[in-house]
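Heads up: the structure comes next, in structure tokens.
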Amino acid sequence: MDKKELDILIEDLRFMKEASKRNGRILREILLPKYFGSLTLYCGISFVILFTVFHIFIQNFGSYKSVPLAIRSVLWIIFIFIFASTVILKWTVIGKATRKIRSDVTPLVIVKEILSSSIKHGYISLVFTIFFLTLFLVITANGIFVIPLLSIICGISINTIDGTMNLKEYLFFGYWLIFSGIAGILFAGSYPFLCPAFTFGIGMIIFGIAALLSVKNKIKLSLCENNNENKSGEDKSVAGVFRE
């Protein structure tokens, strides 16, 4: 290998390294808890309230089918609104966050970055597992166990984020989903509509609080560092005056 070929190889390796670093930075920017604290808290509180109301109506009327169709329709419309608004706000937040790194970022670019990352096989496996597991449980008339099992699967998946991106706030959410999902299997038959409130609802509230506290602590730490730097600068100035 002559010098020219070696230079080309080094340049190719440098390009691959920069591309990998850029992709990892975009993914980490997308997943940063500071962007999702308030949004996740909103979604979690909404889920808890909505599915608790569902449960109250079912208890009053005796069964889900006994609840008047108008009430059920209104509650499901509210659920669709909560879900849709969360998705729209999430993509908006992700777009603003990633544009700080790259101005040409669009939802399609974000999806491409995720699918071209080293964790793409985890996402693909997760989607297939959730789809076929849900289909199997529904076909076998065990649909009440869908939410607790999805909670466990999502919890395991979320815990891998800390391992790949070093974002500790996700661990609170992940472990809650795992343990609440296991508990949910036991009472899903008696309280099916409390299950999503208990697993995902409370889990999102925990994550939202952890994310907001993390941001608050980082702001305090940043202010303390700035104050220390300013104080250090003042001390140096005073020392300089005395030396003069």
Side-chain angles (χ1 to χ4, degrees), residues 31 33 36-37 39-67 71-87 90 122-163 167-213:
L31 295 170
F36 301 115
L39 178 60
T40 311
L41 200 59
Y42 151 74
C43 190
I45 292 172
S46 300
F47 267 40
V48 170
I49 294 173
L50 177 64
F51 286 106
T52 301
V53 171
F54 254 122
H55 174 73
I56 291 171
F57 276 116
I58 291 170
Q59 291 294 104
N60 288 338
F61 287 94
S63 68
Y64 174 77
K65 291 183 178 179
S66 299
V67 178
I71 294 176
R72 282 184 285 160
S73 299
V74 169
L75 291 176
W76 282 119
I77 289 171
I78 294 172
F79 170 77
I80 293 170
F81 171 79
I82 294 169
F83 183 80
S85 62
T86 301
V87 171
K90 183 177 180 180
Y123 284 115
I124 294 170
S125 302
L126 180 65
V127 170
F128 274 105
T129 302
I130 289 175
F131 175 76
F132 286 108
L133 180 62
T134 302
L135 188 63
F136 171 77
L137 290 173
V138 171
I139 291 174
T140 57
N142 290 302
I144 58 173
F145 297 111
V146 168
I147 295 298
L149 288 177
L150 288 184
S151 178
I152 295 170
I153 293 171
C154 290
I156 294 170
S157 176
I158 287 171
N159 276 359
T160 62
I161 293 175
D162 174 63
L167 298 170
K168 299 295 182 185
E169 293 82 0
Y170 282 92
L171 287 177
F172 295 102
F173 192 15
Y175 277 117
W176 174 264
L177 289 180
I178 293 170
F179 292 126
S180 64
I182 293 171
I185 292 174
L186 303 177
F187 67 79
S190 302
Y191 308 103
F193 278 88
L194 282 183
C195 204
F198 179 65
T199 53
F200 289 97
I202 295 179
M204 285 187 283
I205 291 174
I206 291 172
F207 175 79
I209 292 172
L212 292 175
L213 288 176

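Keep in mind that this is a model prediction, so the values were computed, not measured. For reference, positions follow the sequence shown, starting with 1.
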Drop me the distance from [X]'s [atom1] to [Y]'s [atom2], to the nearest 0.5 angstrom.
X	Y	atom1	atom2	answer
Ile178	Ile158	CD1	CD1	9.0 Å
Leu149	Thr199	CG	OG1	11.0 Å
Ser190	His55	OG	NE2	10.0 Å
Ile144	Ile185	CD1	CD1	10.5 Å
Ile80	Ile77	CD1	CD1	7.0 Å
Phe128	Leu133	CZ	CG	14.5 Å

Strictly under 6.0 Å, is that where the ring centroids of Tyr191 and Phe198 end up?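 Tyr191 vs Phe198: aromatic centres not under 6.0 Å.
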Leu75 versus Phe57: any side-chain heavy-atom pair under 4.5 Å?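 Yes. Closest side-chain heavy atoms under 4.5 Å.
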Flag the pair Leu171 / Asn159 as yes when at least one side-chain heavy-atom distance between them is below 4.5 Å, and no otherwise.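 In contact.
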Does CZ in Phe136 sit with more than 12 non-hydrogen atoms of other residues, nucleotides or ligands closer than 6.0 Å?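 Counting other residues, nucleotides and ligands, CZ of Phe136 stays at 12 neighbours or fewer.
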Around atom CZ of Phe81, are there more than 12 heavy atoms of other residues, nucleotides or ligands at under 6.0 Å?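 Result for CZ/Phe81: open.
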Kindly state each residue pair satisfying side-chain hydrogen bond (donor to acceptor under 3.5 Å, both in side chains) with at least one member in residues 71-82, sequence neighbours excluded.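 Only Tyr64-Trp76 qualify under side-chain hydrogen bond (donor to acceptor under 3.5 Å, both in side chains).
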Quick one: closest heavy-atom pair of [X] and [Y], and the distance?
X	Y	value
Gly155	Leu177	CA-CB, 3.7 Å
Gly201	Phe47	CA-CB, 4.0 Å
Leu150	Thr134	CD2-OG1, 4.0 Å
Ile153	Thr129	CD1-CG2, 3.9 Å
Ala188	Cys195	CB-SG, 4.5 Å

Among Phe200, Trp176, Phe173, the one residue meeting ring pair (Phe, Tyr, Trp, His ring centres under 6.0 Å) with Phe207: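 Output: one option passes, namely Phe173.
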Which residues pass the side-chain contact (heavy atoms from CB on, under 4.5 Å) test with Ser46, sequence neighbours left out?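 Expected list: Tyr42, Ile82.
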